[in-house]
Every structure is written in structure tokens, then in C-alpha cells.
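To keep things clear, I will list the structure first and then write my remarks on it.
If you read the sequence from its start, that first residue is 1, and numbering goes on from there. Atoms considered below: every heavy atom in the structure, side chains included; atoms not considered: hydrogens, waters and symmetry mates.
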Amino acid sequence: MVDTLTTLEGAVAVLYVVVVLVAARTSRRGDLAIAAAAGIVLTIAAYVDTHGLNHVGSQTVRAFVSLAAIGIAALLAFQNQNAMRTLAAQATLLDLSHDMIFVRERTGVISFWNRTAEEVYGWSLREARGRVADELLQTRYPERREAIEAVLLEKGDWNGTLEQRTKTGRTLVLDSRWVLQRDNRGRPVGVMETHTDVSDRNAAYAALVQSERRYRRMFDASRIGVVQQDWTAVKAELAALGIADAAALGTHLAHHPELIARLRKFTRIDDANPAFLAMVGGGGPSHPLASVDDILSEADRTFAGALAAFVRGDAFHEGETEIVRSDGRHVPVLFTITFADRQEGNDCVLVFVVDNTDRKQAQDALLTAQAELAHAARVATLGELTASIAHEVNQPLMAVVTNGEAGMRWLRREAPDLREVETAMERIVSEGRRAGEIVKRVRAFLAKSTAQQDELSAASIIEEAARLIEHELTRERIELRVDLETDLPAIVGDRIQLQQVLVNLMVNASQAMTGQQPPRLLSIAAAGLAAGGLEITVSDTGPGIAAEDLDRLFDPFFTTKPHGMGMGLAICRTTIEAHGGRLAVESAPGKGAMFRITLAESHNGGP
């Protein structure tokens with residue numbers, strides 16, 4: 001209207017550029033195109049209306065200048081909109097990032113602050129913009145700030161870990177990356193900082209390190225030997241052989257026993273604590289610990305059981321074996337193998353080892369003391385059975401005398417009967433041998449010798465024990481009744497020890513019935529068991545055992561006799577248990593007592 005209705009000379013239509021710029025603020029390309037097109041059309045219309053089409057002059061030049069200005073402004077506005085859209089998209093991406101991102105000037109003043117920074121730090125964009133980042137976040141650097149800035153200017157970026165505080169005062173540990181922004185001339189104009197919160201990760205790592213240190217301290221300080229082993233090669237070898245269960249392992253070992261030696265070498269030792277190294281006498285170059293084969297003795301039989309437990313998927317396996325020290329000495333140990341969970345895919349195995357030397361020595365000392373006590377008990381029993389022994393030996397000696405006198409009479413005849421003399425001499429020899437056997441048996445009973453494992457006849461043991469106390473029973477007017485099944489199974493054990501048990505039980509029964517009114521009956525019975533094995537019972541018709549004494553009857557040093565030692569029954573039970581059997585008692589007051597011995601049957605036909 002100004003260009004058309006006034007006489008002002010000049011490129012008034014250039015003012016349409018203002019309309020284009022106003023339309024560009026809407027960020028809609030259609031608005032911008034309409035505004036630019038309208039400005040061009042109105043400029044041309046005003047020129048035609050004022051000057052016509054036939055007039056060419058300075059007015060025409062001004063019109064072209066106005067049209068060029070409108071077009072250039074529109075083009076620049078379009079380019080600006082494109083740039084703004086790109087920047088907006090980039091800003092949106094920065095807002096979508098899970099990391100805290102902000103842009104600051106070289107002076108540290110914040111100019112951009114993404115949404116994650118708002119959520120984590122607690123300050124909004126409006127609150128953070130214009131603030132100095134280090135002051136707002138109270139940043140603490142791993143080194144001097146000047147050194148970090150020098151690296152940033154030299155390389156264009158910097159990576160490191162720093163600490164910053166949130167609006168609520170919480171301290172964050174951050175992985176930080178700085179990127180330097182430069183202008184067209186390469187001058188630094190700003191810095192974009194990207195921060196990743198690693199507080200939880202660092203806390204977890206610190207807990208892991210602390211746990212590892214605690215484990216290592218326990219591992220090193222423990223007085224129990226601990227060995228860490230790797231069974232990966234063992235697992236691979238078993239898989240290659242198609243061994244997936246204990247039954248398959250047993251079948252394979254039956255045909256290929258050499259597999260044990262090979263797998264012992266495959267069981268690698270990764271680590272061992274000082275207690276175990278002291279147990280084996282080092283572990284240095286002179287005695288390297290590369291595999292289990294380096295510490296197990298050749299006679300070890302426990303590794304096969306550990307393999308079976310591993311194949312079955314057991315959580316642990318326990319046993320007792322010997323390990324070989326660097327000086328060749330064998331050390332008895334107790335061990336527990338803890339296998340890793342198969343679902344974790346971890347073949348790391350921990351073995352806990354306890355030196356059993358002191359326990360073994362104490363056990364040997366206990367067995368020696370027990371043997372001494374047993375010997376003392378046999379001597380004491382022998383003293384009580386002296387009359388019975390004298391009576392038993394006297395019988396064959398009297399028979400020797402009688403047969404000798406008879407032989408002399410046959411010789412003194414006018415016509416000696418040599419046949420009768422020969423018969424008498426044979427009887428003398430037989431009775432002499434019988435006396436010798438009696439003496440030999442008594443000496444063996446008294447002797448302090450090691451236990452023998454022989455195949456024995458239960459009937460002969462019972463009969464010999466009964467003969468030993470025969471005179472004592474006769475003196476006390478006690479009737480002995482022996483009831484033995486035919487075809488009793490054979491047993492394996494020590495003849496003297498088993499005789500001692502029976503003699504002790506029968507002497508106790510005889511003493512319990514002393515002073516009782518007749519009848520006084522001592523019964524010994526033996527029978528085979530349906531499940532295999534043998535049962536021997538010794539019962540009497542004495543007063544029985546008080547109910548309160550039954551539970552303590554086999555305790556060492558417990559006795560109901562006025563002058564008893566309290567060791568006889570304890571030794572009897574220990575002896576029977578050492579033979580793999582069991583000794584029990586049944587009693588009712590006034591109805592006597594019954595001792596029941598259960599022994600296993602011999603299956604191998606020999607010692």
C-alpha cells in the first residue's frame with residue numbers, strides 16, 4: 001500500500017522480508033512458503049499498478065532488488081528451519097540418552113542440560129542454565145583441573161572418573177567423557193560433557209573386592225588345608241568316553257582300571273593355601289603341585305569314589321586317604337571335596353584337607369591301651385579259672401598214670417601181653433597230647449598277641465570256652481546247657497578274642513547266680529540267621545539286671561560287682577564290634593539276663 005499509494009521512491013517492497021522472517025518463526029515450511037510467495041506477488045502487483053509494463057528504469061531495479069531480498073530471505077529461512085530441525089532432533093536424542101549430558105562454555109557456564117541430567121541431578125534446565133558446572137555440581141576430579149583442561153585442549157577429548165553431588169546432596173561416582181567443540185577457525189568455544197552413573201557398579205565392585213580379600217584372608221589364614229582344583233579336563237575326558245553316570249563309570253573302570261591314573265594327572269591344582277603347602281612340605285620346584293597325581297599315593301583308593309560323586313552330580317564327597325610329602329613320608333588325612341554347581345558351568349573344585357596324624361596316633365595309642373586292658377582282663381580271668389584249668393589238666397594226667405600202671409601190669413605177667421601194653425601206650429600218648437593242647441590253649445588265651453583273622457568254627461569256639469569254665473560251674477553247682485544248630489555258618493575273626501568274650505560272659509553269669517536257690521542254669525545257644533550270619537546267646541537264671549543299669553552296662557568302669565573293674569563288658573562289646581558284629585543285652589528283674597552276640601558270616605572261604 002505504501003509502494004502503491006504514495007510517491008515515495010525506494011525499494012519499499014524489501015520490507016516483505018520482515019513478513020518472511022515472522023512466518024519463519026512458526027517453524028512450518030508451508031507458512032514460510034505462503035509468506036514468501038505472497039510478498040513476491042504483492043511486489044509485482046504494486047510495480048505493475050504503479051509503473052506499468054512498458055516503463056523500465058530505476059523502479060524496475062528496485063523491484064528486482066525487493067524480489068531478490070524476499071527470495072534470499074525465504075531461502076535462508078528454509079535453511080535455518082532445516083538446521084533447527086536437525087538440532088532439535090539431536091537435542092531430542094540427547095534427551096533420550098540414559099546418560100547425563102550438558103554443554104558448557106569454556107568458562108564453565110552451562111548452556112544445555114538434557115532431561116536425564118534434570119532427573120538425576122535434580123536441577124531443571126532453567127535452574128542449571130547459566131550456572132557454572134563445577135560450582136553447581138561440586139565436582140571433585142581425580143587430578144588437578146588444569147591438567148585435565150590441558151589434555152582436553154591437546155587431544156580434543158578426555159575420559160576419566162569423577163564425583164559430583166546432586167541437589168539432594170547424594171554423591172555420584174561418574175564415568176565422564178568430555179568433547180571439545182571448536183568454531184570454523186578451530187578455536188574452542190564449548191565442551192560437551194557426558195556422564196554415566198557408576199556408583200552402584202563401583203559399590204558392587206568394591207563389595208566384590210572386599211569379598212575376595214576376605215576369602216583370600218580366610219584361604220591363607222585357615223589352619224585347614226585348602227586346595228583349589230580344576231576338573232575341566234576330567235569332565236572333557238569323561239564326556240569323550242561317553243561316561244554320564246556312576247554305573248557307566250564303574251563298568252568302564254572294571255575293564256580299564258588305568259583310567260584312574262590318567263584322570264589323576266588331568267585333575268589340575270590351581271591354588272593351595274599355606275596350611276596345605278606345609279602339610280605336603282612345600283610345593284616349590286623340588287616338589288611341584290601340578291595335579292592330584294603329585295600328592296596322592298599309589299595305593300590311594302579314594303579317587304575313584306570322588307569321580308563317582310562327580311559323575312553323579314553330588315555336592316560334596318568325603319573320605320580318608322594319605323598324601324605324599326616332598327620327603328616321601330605319607331601323611332594320613334581326612335578330606336572333603338566340594339563340587340561346583342553344574343548349572344553355573346564352573347568346574348572349579350575346592351578340597352578341604354585335615355591332617356589326621358595326631359588322631360591316628362591317638363587311635364593307635366587307644367588300641368594299644370585297649371589291648372593292654374584286654375590282656376589284663378585275660379590274666380584276671382585266668383586267675384579266677386585256675387581251679388578249672390588244674391581240673392582239666394589233671395584229667396589227662398590221671399589218665400596217663402592209669403594207663404601207665406596198666407601197661408606195667410601187663411608187662412609183669414609171666415607171659416607179657418604186648419598187645420595190651422601197646423594199647424596202654426597209645427592211650428598214654430593220646431592223653432599226653434590232650435594235656436599239651438590244654439596248656440597250649442591256656443597260654444594262647446593268656447598271651448598278648450595281635451588279632452588274627454581266620455575262618456573259625458563257632459561250635460568249636462563255644463565248646464572250648466565251655467571246657468575252660470567247666471570246673472567253676474561244677475563248683476558252683478551250675479548246670480551248663482549247650483544248644484548248637486547243625487551246619488552253623490563259618491565266621492572270620494580272632495579265636496582267642498572271641499573265646500575271651502564267651503568266657504567273660506559265662507563267668508559273669510556264674511557269679512550272678514552264686515548264692516541263688518537251685519536250679520541254676522547257664523544256657524549257650526548258637527543259630528544261623530535268615531539274612532546271613534550267626535547269633536550266639538548266653539543266658540542265665542540269675543536275678544537279672546536292674547532297669548536303671550541297662551543303659552550303662554557297657555560303659556567303661558561301670559560295674560555292679562563289689563570288687564569289679566568295670567572293663568569286662570566294655571572290652572567284650574568293643575571286641576565284637578571290631579569283628580563287625582553287635583553285642584546286646586536283654587533282662588527282666590528276677591528272670592535272669594541274656595547277652596546276644598551277632599556276627600557276620602564268612603563269604604570268602606578263608607582269612
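The side-chain contact (heavy atoms from CB on, under 4.5 Å) test with Leu136 is passed by exactly one of Gln164, Arg165, Glu127, Arg131: Arg131. When Phe310, Trp231, Phe266 are each tested for a side-chain contact (heavy atoms from CB on, under 4.5 Å) with Leu238, only one passes: Phe310.
Looking at Ile295 and Ile269, their side chains come closer than 4.5 Å, going by heavy atoms from C-beta outward. The shortest side-chain heavy-atom distance between Ile70 and Val19 does not fall under the 4.5 Å cut-off. Residues Leu241 and His256 form no side-chain contact, since every pair of their non-hydrogen atoms from C-beta on lies 4.5 Å or further apart. Under the 4.5 Å side-chain criterion, counting only non-hydrogen atoms from C-beta, Val173 is not in contact with Asp197.
Note: Leu180 CG to Glu149 CD = 8.5 Å, rounded to the nearest 0.5 Å. Distance check: Arg115 CZ to Ile101 CD1 gives 12.5 Å after rounding to the nearest 0.5 Å. The line from CD of Glu163 to OG1 of Thr139 is 10.5 Å long, rounded to the nearest 0.5 Å. Taking CG of Leu162 as the start and OH of Tyr141 as the end, the distance is 6.5 Å to the nearest 0.5 Å. With rounding to the nearest 0.5 angstrom, the OG1 atom of Thr196 is 8.0 Å from the CG atom of Leu174. Taking CG from Leu152 and CG from Asp157, the interatomic distance works out to 7.5 Å, rounded to the nearest 0.5 Å.
Atom CG of Asp183 has more than 12 neighbouring heavy atoms from other residues, nucleotides or ligands inside a 6.0 Å radius. At most 12 non-hydrogen atoms from other residues, nucleotides or ligands lie less than 6.0 angstrom from CD1 of Ile224. Within a 6.0 Å radius of CZ in Arg582, other residues, nucleotides and ligands contribute 12 heavy atoms or fewer. By the neighbour-count criterion of 12 heavy atoms within 6.0 Å, atom CZ of Arg145 is densely surrounded, having more than that number from other residues, nucleotides or ligands.
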Evaluate the side-chain contact (heavy atoms from CB on, under 4.5 Å) criterion for residues Thr357 and Met279: first the C-alpha distance (whole Å), next the side-chain angles of each, then the deciding distance (0.1 Å), finally the verdict. CA-CA 11 Å; Thr357 303; Met279 201 178 300; over 6 Å; no
Test side-chain contact (heavy atoms from CB on, under 4.5 Å) on Arg268 and Thr232 and set out the steps. CA-CA 9 Å; Arg268 186 163 55 88; Thr232 303; over 6 Å; no
Show your reasoning for whether side-chain contact (heavy atoms from CB on, under 4.5 Å) applies to Cys348 and Gln228. CA-CA 7 Å; Cys348 176; Gln228 181 177 313; 3.5 Å; yes
Step by step, would you call Arg187 with Arg106 a side-chain contact (heavy atoms from CB on, under 4.5 Å)? CA-CA 11 Å; Arg187 294 175 301 185; Arg106 285 294 312 281; over 6 Å; no
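In terms of modelled atom types and a separation under 3.5 Å, the side chain of Asn356 and the main chain of Phe335 share no donor-acceptor contact. A donor-acceptor pair under 3.5 Å links the side-chain atoms of Asn273 to the main chain of Val226, judged by distance alone. A donor-acceptor pair under 3.5 Å links the side-chain atoms of Ser111 to the main chain of Val103, judged by distance alone. A side-chain donor-acceptor contact under 3.5 Å links Ser326 to the backbone of Gly281. Remark: the backbone N or O of Ala299 is paired with a side-chain donor or acceptor of Arg301 at under 3.5 angstrom. Remark: the backbone N or O of Leu125 is paired with a side-chain donor or acceptor of Glu118 at under 3.5 angstrom. A donor-acceptor contact shorter than 3.5 Å is absent between the side chain of Asp355 and the backbone of Gly225.
When all heavy atoms are compared, the tightest approach of Phe276 to Ala272 is CD2-CB, 3.9 Å. Between Asp300 and Phe303 the shortest heavy-atom distance is OD2-N, 3.2 Å. In terms of heavy atoms, Ser199 sits closest to Thr171 at OG-O, 4.3 Å. Contact detail for Val234 and Leu307: the closest heavy-atom pair is CG1-CD2, 3.8 Å. Of all the heavy atoms in Thr116 and Met100, the pair that sits closest is O-CG, 3.9 Å. What you find for Val17 and Ala73 is that their closest heavy atoms are CG1-CB, 3.7 Å.
In this pair, Trp113 and Tyr121 present their aromatic rings tilted. The plane angle is within the 30 to 60° band.
Between Arg325 and Asp327, at least one side-chain N (NZ, or NE/NH1/NH2) sits under 4.0 Å from a carboxylate O, which counts as a salt bridge. Salt bridge absent: Lys265 and Glu237 never bring a charged side-chain N and a carboxylate O closer than 4.0 Å. Using a 4.0 Å cut-off between charged side-chain N and carboxylate O, Asp175 and Arg177 make no salt bridge.
At a cut-off of 3.5 Å, with distance as the only test, no side-chain donor of Ser291 or Asp293 sits close to an acceptor on the other residue.
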